[in-house]
Amino acid sequence: MSDTTPRTGKKNLTEMRRNARSLALQALYQWSVAGQSVTEIDAQFRVDNDMSNTDTQLFSELLRGVIGSSRDLDEAFRPFLDRPLDDLDPVELSVLRIGAYELKHRLQVPYRVAINESVELAKIFGATESHKYINGILDKLAQRARADEIRARRNNG
């Protein structure tokens, strides 16, 4: 197989989803800082970014779903915060919202994947140790939101 042969299969899909999460994080950051509408941000990101290696359906679902349910998501992880919500860095807040959204609304995604993907986003875009903070909060949220899945995994593992 040559270097110009496109990759197929799970790894490519994983990369496309990872790109979608990364762009969604950036779009959510823009929404939280600039206050633009979700429609404007979605359109802008599709024009300004190469979306050919991105799961665009996931990008839109995360962007629209997180914005549409941001209050409920905030309430879901607020009990696990060690500071007021307003004191969170906008990147941390956006990563937490993506992770919480996936834990609560994308049940086809295993909880460990949802947490890991958010931790990876925090490592790339967040402050130096923010990934540890994100991991701890989302792990606690998963104990509530995915209790049955976690129990089944423990019983089978």
Side-chain angles (χ1 to χ4, degrees), residues 13-46 48-49 51 53-154 157:
L13 184 56
T14 299
E15 289 173 9
M16 291 178 73
R17 289 177 178 161
R18 188 162 285 150
N19 288 342
R21 289 180 181 100
S22 177
L23 288 171
L25 172 62
Q26 294 170 63
L28 289 166
Y29 176 84
Q30 183 171 326
W31 171 74
S32 68
V33 173
Q36 288 177 280
S37 76
V38 65
T39 304
E40 289 174 321
I41 293 171
D42 194 345
Q44 178 187 348
F45 267 73
R46 289 174 186 274
D48 293 348
N49 296 284
M51 303 289 261
N53 193 29
T54 300
D55 182 336
T56 56
Q57 186 175 357
L58 177 58
F59 168 77
S60 286
E61 178 186 349
L62 290 174
L63 178 61
R64 293 174 184 280
V66 167
I67 289 173
S69 59
S70 61
R71 285 190 179 131
D72 290 338
L73 298 173
D74 294 352
E75 289 307 312
F77 59 75
R78 187 187 308 266
F80 311 117
L81 299 177
D82 64 352
R83 62 190 96 149
L85 192 70
D86 292 341
D87 288 352
L88 288 176
D89 175 86
V91 172
E92 287 178 343
L93 180 57
S94 295
V95 171
L96 284 170
R97 285 175 172 164
I98 288 172
Y101 181 84
E102 292 209 81
L103 287 171
K104 292 177 66 63
H105 299 286
R106 300 194 72 239
L107 301 180
Q108 73 275 24
V109 176
Y111 78 96
R112 293 177 69 178
V113 171
I115 293 171
N116 186 59
E117 290 296 321
S118 293
V119 167
E120 291 303 314
L121 287 172
K123 285 179 180 177
I124 295 167
F125 295 101
T128 305
E129 298 295 318
S130 67
H131 67 280
K132 294 176 183 177
Y133 186 66
I134 299 294
N135 185 60
I137 292 169
L138 292 179
D139 186 59
K140 290 173 187 169
L141 177 59
Q143 300 297 323
R144 283 190 183 172
R146 300 280 191 98
D148 292 340
E149 180 184 349
I150 292 169
R151 192 169 23 264
R153 188 178 195 298
R154 286 184 184 143

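We use all heavy atoms of the structure for the numbers below, so side chains are in, but hydrogens, waters and symmetry mates are not.
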task = Quick one: do His131 and Asn135 satisfy side chain to side chain contact (heavy atoms under 4.5 Å, CB included)? Show the steps, please.
result = CA-CA 6 Å; His131 67 280; Asn135 185 60; over 6 Å; no
query = Hey, does the side chain of Ser69 reach the backbone of Asp72 with a donor-acceptor pair shorter than 3.5 angstrom?
reply = no
key: Within-4.5 Å side-chain heavy-atom neighbours: Arg106 and Leu58   = yes
query = So, for Ala27 and Ile41, which heavy atoms are closest and what is the spacing to 0.1 Å?
reply = CB-CG2, 3.5 Å
key: Closest approach of Leu138 to Ser118 (non-hydrogen atoms, all atoms of both residues)   = CD1-CB, 3.4 Å
inquiry  = So, taking the atom named OG1 in Thr14 and the one named CZ in Arg18, what distance separates them when rounded to the nearest 0.5 Å?
reply    = 7.0 Å
query = Stepwise, does the side chain to side chain contact (heavy atoms under 4.5 Å, CB included) test hold for Ile134 with Leu121?
reply = CA-CA 10 Å; Ile134 299 294; Leu121 287 172; over 6 Å; no
ask   = Would you say Ser32's side chain and Tyr29's backbone share a donor-acceptor pair under 3.5 angstrom?
value = yes
query = Are more than 12 heavy atoms from other residues, nucleotides or ligands located less than 6.0 Å from atom CD of Gln57?
reply = no
inquiry  = Would you compute the distance between atom CG of Leu93 and atom CG of Leu85 and round it to the nearest 0.5 angstrom?
reply    = 5.5 Å
remark   = Note: Val91 and Leu25 closest approach over all heavy atoms is O-CD1, 4.0 Å
task = Supply the atom-to-atom distance Leu88 CG to Phe77 CZ, rounded to the nearest 0.5 angstrom.
result = 6.5 Å
ask   = Do the side chain of Arg146 and the main chain of Leu103 share a donor and acceptor less than 3.5 angstrom apart?
value = yes
query = Does the pair Asp74/Arg71 count as a salt bridge with the N-to-O cut at 4.0 Å?
reply = no
request  = State whether Glu120 and Arg21 are salt-bridged, where the test is any N-O pair (Lys NZ or Arg NE/NH1/NH2 against Asp/Glu carboxylate O) under 4.0 Å.
outcome  = no
message = Donor-acceptor pair, distance only, cut-off 3.5 Å: does the side chain of Asp55 make one with the backbone of Ala20?
response = no
inquiry  = Nearest 0.5 Å, please: how far is CZ in Arg46 from OG1 in Thr54?
reply    = 9.5 Å
query = Any side-chain heavy atom of Leu62 within less than 4.5 Å of one from Glu102?
reply = yes
request  = Measure across Gln36 and Trp31 and return the closest heavy-atom pair with its distance rounded to 0.1 Å.
outcome  = O-CD1, 3.1 Å
task = Determine the minimum heavy-atom distance between Arg144 and Pro79, stating which atoms define it.
result = NH1-CG, 4.0 Å
request  = Any chance you could lay out the side chain to side chain contact (heavy atoms under 4.5 Å, CB included) test for Ser130 and Phe125, step after step, and finish with the verdict?
outcome  = CA-CA 9 Å; Ser130 67; Phe125 295 101; over 6 Å; no
inquiry  = How long is the straight-line distance from CE of Met16 back to CZ of Phe59, given to the nearest 0.5 Å?
reply    = 13.5 Å
inquiry  = Working note: Arg64 + Thr39, criterion side chain to side chain contact (heavy atoms under 4.5 Å, CB included); need CA distance, chi angles, decisive distance, verdict.
reply    = CA-CA 9 Å; Arg64 293 174 184 280; Thr39 304; 4.1 Å; yes
ask   = Looking at CG of Leu141 and CZ of Phe80, how far apart are the two atoms once the value is rounded to the nearest 0.5 Å?
value = 6.0 Å
ask   = Do the numbers put Arg83 on top of the ring of Tyr133, so that NZ or CZ is under 6.0 Å from the six-membered ring centre and no more than 45° off the axis?
value = yes
task = Mark yes or no for whether Asp42, through its side chain, and Val38, through its backbone, hold a donor-acceptor pair below 3.5 Å.
result = no
